[in-house]
There are 2 protein chains.
Amino acid sequence: MTDRLAAGEFEIIARYFRPLSEGEPGALDLADDAAVLEWAAGQSLVVTTDVLIAGVHFFPGDRADLVARKLLRVNLSDLAAMGAKPRAYLLSCALPADVSEGWLTAFREGLAEDQRAFGVVLVGGDTVATPGPVTLCATALGEVPRGAALRRNGARRGDIVFVSGTIGDGALGLKVLCGEARDLEEESRAALVARYHLPSPRLDLGLGLRGIAHAAIDVSDGLVGDLAHICEVSGVAAVVDWARVPLSAAARGFLTAVPEAREAVLAGGDDYELLFTAAPESREEVATRAARAGVPVTEIGFVTEGDGVLVRDATGSPIALERGGYSHFAARAP
Amino acid sequence: MTDRLAAGEFEIIARYFRPLSEGEPGALDLADDAAVLEWAAGQSLVVTTDVLIAGVHFFPGDRADLVARKLLRVNLSDLAAMGAKPRAYLLSCALPADVSEGWLTAFREGLAEDQRAFGVVLVGGDTVATPGPVTLCATALGEVPRGAALRRNGARRGDIVFVSGTIGDGALGLKVLCGEARDLEEESRAALVARYHLPSPRLDLGLGLRGIAHAAIDVSDGLVGDLAHICEVSGVAAVVDWARVPLSAAARGFLTAVPEAREAVLAGGDDYELLFTAAPESREEVATRAARAGVPVTEIGFVTEGDGVLVRDATGSPIALERGGYSHFAARAP
């Protein structure tokens with residue numbers, strides 16, 4: 001058990017990671033046993049962690065800067081779903097012993113770019129050698145006024161189901177990378193792949209939904225699966241109209257070429273959009289706040305009694321899905 | 001990229017991990033995107049993260065309950081070194097797709113046992129499949145009154161260097177597991193291996209050292225290497241007398257059989273004892289507080305001007321080490 005990073009753990013920290021902690025005195029220059037952060041009175045700590053593994057969550061040959069940014073963004077997306085403002089993150093990297101300077105430099109550059117974009121700073125971590133695939137674990141810390149966090153468990157019968165942005169691009173981007181839909185025009189293929197590599201955490205929208213969304217989640221497991229999570233913990237059912245699910249032009253092109261990809265759009269995950277419910281009387285306020293956040297928001301269905309998620313086609317017939325939703329649907333008469 | 005846990009991520013969370021979140025409402029039953037924790041006014045958040053990998057930090061066949069407890073304890077040891085009181089932790093597990101119920105049950109039992117022992121609770125995490133070795137990442141959250149955290153950078157010329165417990169057992173335990181010192185009596189071998197598997201985070205001592213230790217660190221990289229960390233960030237040098245380094249009976253037996261193992265004792269790491277400096281006039285108070293914490297504390301040397309760490313033998317001659325310390329030592333005349 002002598003795996004060691006050829007470049008040296010301390011050298012890697014000093015050269016690549018310490019500069020990312022600048023501006024946060026509580027990071028203690030990454031030179032102590034832990035970070036010490038001050039938390040303002042009345043602000044709750046919101047904390048989440050996510051792992052990305054080469055060969056599982058990204059391709060071993062993916063650009064290191066994009067991997068770094070996706071790692072940060074999937075964690076920030078969890079904070080967005082809670083209505084939290086991000087502050088800092090910790091980063092644990094298990095790397096091959098012979099990891100290259102080029103990889104580390106690109107990885108650091110990706111982190112630096114998104115630190116600037118999202119206002120977060122590195123405050124701690126661990127860097128070790130692994131005989132296995134690159135394994136990255138980030139823990140994001142955010143804050144929210146006490147009692148104001150968005151939750152998954154507040155969806156109510158009669159609520160409208162909203163989703164931000166467009167759905168399915170990430171899952172279809174993965175299909176493009178796996179060689180599907182080769183006839184799709186290059187521009188569309190590139191757009192889908194870009195969305196797979198680089199999701200957009202909807203932080204401003206999350207902040208805007210405080211006090212108005214009854215339930216919220218980020219779409220990481222798939223639209224239907226994540227809506228099912230909301231339904232389960234809220235004790236309700238939901239109905240979604242396929243025709244209203246917002247699709248990008250590229251996704252529409254993909255579906256024209258490969259209609260059976262509808263399953264991936266509905267159940268594929270990797271969207272990192274916000275899925276939330278709110279009362280019908282909040283409809284205008286939701287639109288106002290979404291516009292302020294600069295993020296399109298679309299009504300895709302409603303909450304009802306029962307359990308599970310039903311997706312209907314344009315004729316009102318249920319769409320059967322292998323993963324998630326339909327088979328569990330059991331709406332009760334109102 | 002379809003690695004999935006055969007047992008199912010959600011099933012594993014519900015069955016093995018959710019019960020570990022009981023008692024902390026902010027964990028939200030591990031059923032939300034993040035945990036939401038309240039932080040008392042005047043308390044700083046202390047946060048650290050550590051990774052353990054099968055085949056690097058533990059043996060693939062090690063008992064899962066011991067692996068779980070070591071994972072928690074190495075993180076808690078970082079909190080101890082900051083003088084922080086532990087509160088909660090997050091846990092990310094990258095597991096083989098076919099991880100067994102038996103492994104998961106033992107892993108959970110280990111976590112549950114040490115949660116009770118150290119007063120922490122699970123508040124979040126991520127569970128994924130990996131084609132590589134078991135890779136575990138824990139992030140520990142603790143609290144310390146604002147301004148009271150112990151740091152590494154406060155060692156002053158004239159300070160005494162103290163260390164808790166005994167040094168070297170962990171590194172020698174690893175040697176036993178690797179087949180060295182086969183003639184050592186079984187009881188000693190077992191004692192060293194037990195210390196390697198299960199370090200004792202010195203949390204009560206860390207709390208007791210608030211306001212009295214000038215610098216503190218936990219011994220994870222090795223006595224000399226960690227003292228060198230203190231010296232480097234404090235801008236001082238340190239002298240350690242080998243004869244005063246506290247050794248267990250088992251370690252003494254090992255060194256009698258294998259004298260060259262002195263290097264492993266001084267530079268081997270995995271002790272998780274607290275190494276700290278304090279003014280000579282605090283000597284009695286240190287002893288009082290250590291007694292209150294129930295942890296033996298030993299004076300092993302002193303802080304002086306210069307840089308680096310010098311370890312002297314009984315004749316006062318420097319002990320050369322391959323790893324850490326001596327070669328960098330350059331004390332300046334007082």
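Just so it is clear, the model here is predicted, and its values are computed rather than measured. Sequence lines set the chain letters: A, B, ... in the order given, protein chains first and strands last, and positions in each chain run from 1.
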I'd like to know which of B/Leu150, B/Asp33, B/Leu91 tops the heavy-atom pair count under 4.5 Å against chain A. B/Asp33
Of all the heavy-atom pairs spanning [X] and [Y], show the shortest one and how long it is.
X: B/Ala34; Y: A/Met82; value: O-CE, 3.5 Å
X: A/Trp39; Y: B/Arg146; value: O-NH2, 3.6 Å
X: A/Ile53; Y: B/Ala129; value: CD1-O, 3.7 Å

Which value, rounded to the nearest 0.5 Å, describes the distance between [X] atom [atom1] and [Y] atom [atom2]?
X: A/Thr48; Y: B/Leu90; atom1: OG1; atom2: CG; answer: 7.5 Å
X: A/Asn75; Y: B/Asp126; atom1: CG; atom2: CG; answer: 8.5 Å
X: B/Arg152; Y: A/Asp29; atom1: CZ; atom2: CG; answer: 11.5 Å
X: A/Asn153; Y: B/Leu28; atom1: CG; atom2: CG; answer: 8.0 Å

For residues B/Leu141 and A/Leu45, determine if any side-chain heavy atom of one lies less than 4.5 Å from a side-chain heavy atom of the other. yes
Using a cut-off of under 4.5 Å for heavy-atom pairs, which of A/Pro133, A/Ala81, A/Ala140 has the most such pairs with chain B?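 The candidate making the most pairs under 4.5 Å is A/Pro133.
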So which of A/Ala216, A/Ala35, A/Ala84, A/Ala41 has the largest heavy-atom pair count under 4.5 angstrom toward chain B?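 The answer is A/Ala35.
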Given a strict heavy-atom distance threshold of 4.5 Å, which part of [X] is in contact with chain A: side chain, backbone, both, or neither?
X: B/Val128; answer: side chain
X: B/Ala80; answer: neither
X: B/Ala31; answer: both
X: B/Val233; answer: side chain

For a side-chain contact (heavy atoms from CB on, under 4.5 Å) with B/Ser92, tell me which candidate from A/Thr135, A/Thr139, A/Val51 qualifies. A/Val51
Can you confirm whether more than 12 heavy atoms, excluding those of A/Glu9, are under 6.0 Å from its CD atom?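 Above 12, so yes.
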Within a 6.0 Å radius of atom CD on A/Glu24, are there more than 12 heavy atoms belonging to other residues, nucleotides or ligands? yes
So, B/Asp32 side chain and A/Arg151 main chain: donor-acceptor pair closer than 3.5 Å or not? no
